[in-house]
Amino acid sequence: MYDEAARERWVAEAPKRPGRTAFQRDRARVLHSAALRRLAGKTQVVGVGESDFPRTRLTHSLECAQVGRELGIALGCDPDVVDAACLAHDLGHPPFGHNGETALDGAAAGCGGFEGNAQSLRILTRLEAKTFAADGRSAGLNLTRATLDAATKYPWPRPPTGGKHGVYDDDRPVFAWLRAGAPEDRRCLEAQVMDWADDVAYSVHDLEDALHAGHVRLEQLADRAERADVAALTAEVYCDATPSELEEVFAGLIRLPYWPASYDGSLRALAALKNLTSQLIGRFCTLAEHATRKVFGPGPHARYGADLVVPPATRLECALLKGVAARYVMHLPDRQRRQADERDMLRELVAVVAAQAPASLDPALRPLWTEAPDDAARLRVVIDQVAGLTDASARQWHERLTTR
């Protein structure tokens, strides 16, 4: 299942400590990376520092890795490949989460736009320097082909009409290498497991964070009119189902025996909420595992030997949990005003960093700016700089560079 090509690295390396697999080394490299550490300061849903309880991008990535690793093991995937892919899947996210991604996509129009998943590949194969080729180019963390492929959620370049993609034009060489032998536009099983683990982890945990913060009450979700509002938003943003179909699925969710009737922050309520999150994660993963085995047999399955099968009703349940977070957290008026300010700040920061480059850049990025062949390439380096900042450092950089 994992042949020599799957274990190959972009730049050949001598083996190190005996007894470690190539994929164990991959996981260790991602786990020890500066890019992963920076996720501790990047928004998941609730802004970093607003409260001690909500997830950051880092804690989400760690939880995603736990969910993905166990589902991958159940199906027959190498656990370290899935684990590393889950840890790496959000490395390219900029400050302020998806809101920052929107701002940088506009600011990067002159160099092909910005996409967090394409930025993740750029970090893994270029910016998080660990290994260099003989010609002097950085190979980034120099992960194996199988792990890079597993971390590529959208294995295609930017569509002409825009949309999700996994590679920028100037990263095509490494993309072609990691996709060698892979069916066009098809994700490997490990990438599909990573993607589902991401959906499961953030949908369930965003619900937990919203309940703990008091943005939504379980009693509200027992109200049919409230559920109808969530279903309408979910149908508009997260899936193709009709609101009436989603309302029926939602009613079934809250009838589950482990769905609490209320939450008051007491120890018993905290325990019941934690039981809800673990039961839901188990439900979403077990149903996907059983559905996959029903179609592809008992396994073991890996790479391109099978596809992950998630029952449609299970996807709708997961989508509804996303809809809850969107309805009661993301659409709060104060939050929307703050997000508009954050977008303005990031656009201004890109402009001022570009105007003052290369002196405004971190030392590691200055040579890339100096050696860039044109304005588009120089803008890409500026975007690399801003995208790599945490929420707090983005604010600090903006204040420092705009008040000179």
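Since the structure is predicted, the reported quantities are computational estimates derived from the model, not experimental observations.
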Test side chain to side chain donor-acceptor pair (under 3.5 Å) on Asp209 and Tyr202; report intermediate values, then the result.
CA-CA 10 Å; Asp209 288 350; Tyr202 88 73; over 6 Å; no
Assess whether ring pair (Phe, Tyr, Trp, His ring centres under 6.0 Å) is satisfied between His212 and His205, documenting all intermediate values.
CA-CA 10 Å; His212 185 272; His205 292 138; over 10 Å; no
Step by step, would you call Glu115 with Lys164 a salt bridge (charged side-chain N to carboxylate O under 4.0 Å, His left out)?
CA-CA 7 Å; Glu115 217 289 335; Lys164 294 290 187 182; 3.3 Å; yes
For a salt bridge (charged side-chain N to carboxylate O under 4.0 Å, His left out) check, start with the C-alpha distance between Arg378 and Asp375, then their side-chain angles and the critical distance, and finish with the verdict.
CA-CA 5 Å; Arg378 284 186 282 273; Asp375 289 343; 2.7 Å; yes
Take Asp149 and Arg179, measure what salt bridge (charged side-chain N to carboxylate O under 4.0 Å, His left out) needs, and give me the verdict at the end.
CA-CA 7 Å; Asp149 199 18; Arg179 293 290 293 172; 2.9 Å; yes
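Leu256 is listed as a side-chain neighbour of Leu280, based on a closest heavy-atom distance under 4.5 Å. Within the 4.5 Å cutoff, the side chain of Trp259 has heavy atoms near those of the Leu218 side chain.
Side-chain contact check for Tyr154 and Asp195: no donor-acceptor pair (N or O, by modelled atom type) lies under 3.5 Å. Side-chain N/O atoms of Glu13 and Thr131 include a donor and acceptor closer than 3.5 Å. Residues Glu101 and His98 have side chains that bring a donor and an acceptor to within less than 3.5 angstrom of each other. Looking only at atom types and distance, the side chain of Gln66 has no donor-acceptor partner in the side chain of Asp83 under 3.5 Å away. Gln339 and Asn99 are not linked by any side-chain donor-acceptor pair at a separation below 3.5 angstrom, with hydrogens and angles left out of the test. A side-chain donor from one of Tyr328 and Glu226 sits under 3.5 Å from a side-chain acceptor of the other. Side-chain polar atoms of His89 and His60 form a donor-acceptor pair below 3.5 angstrom.
In this structure, Phe114 and Tyr168 have tilted ring planes: the angle between them lies in the 30° to 60° band.
Contact between Phe23 and Thr147 at its shortest, heavy atoms only, is CD2-OG1, 3.9 Å.
Salt-bridge formation is not detected for the pair Asp26/Arg20: no Lys NZ or Arg NE/NH1/NH2 atom is positioned less than 4.0 Å from an Asp or Glu carboxylate oxygen. Of the charged side-chain nitrogens involved, at least one lies within less than 4.0 Å of a carboxylate oxygen, so that Asp198 and Lys153 count as a salt-bridged pair. The pair Asp170-Arg122 meets the salt-bridge criterion, with a side-chain N (NZ, NE, NH1 or NH2) lying under 4.0 Å from an Asp/Glu carboxylate O.
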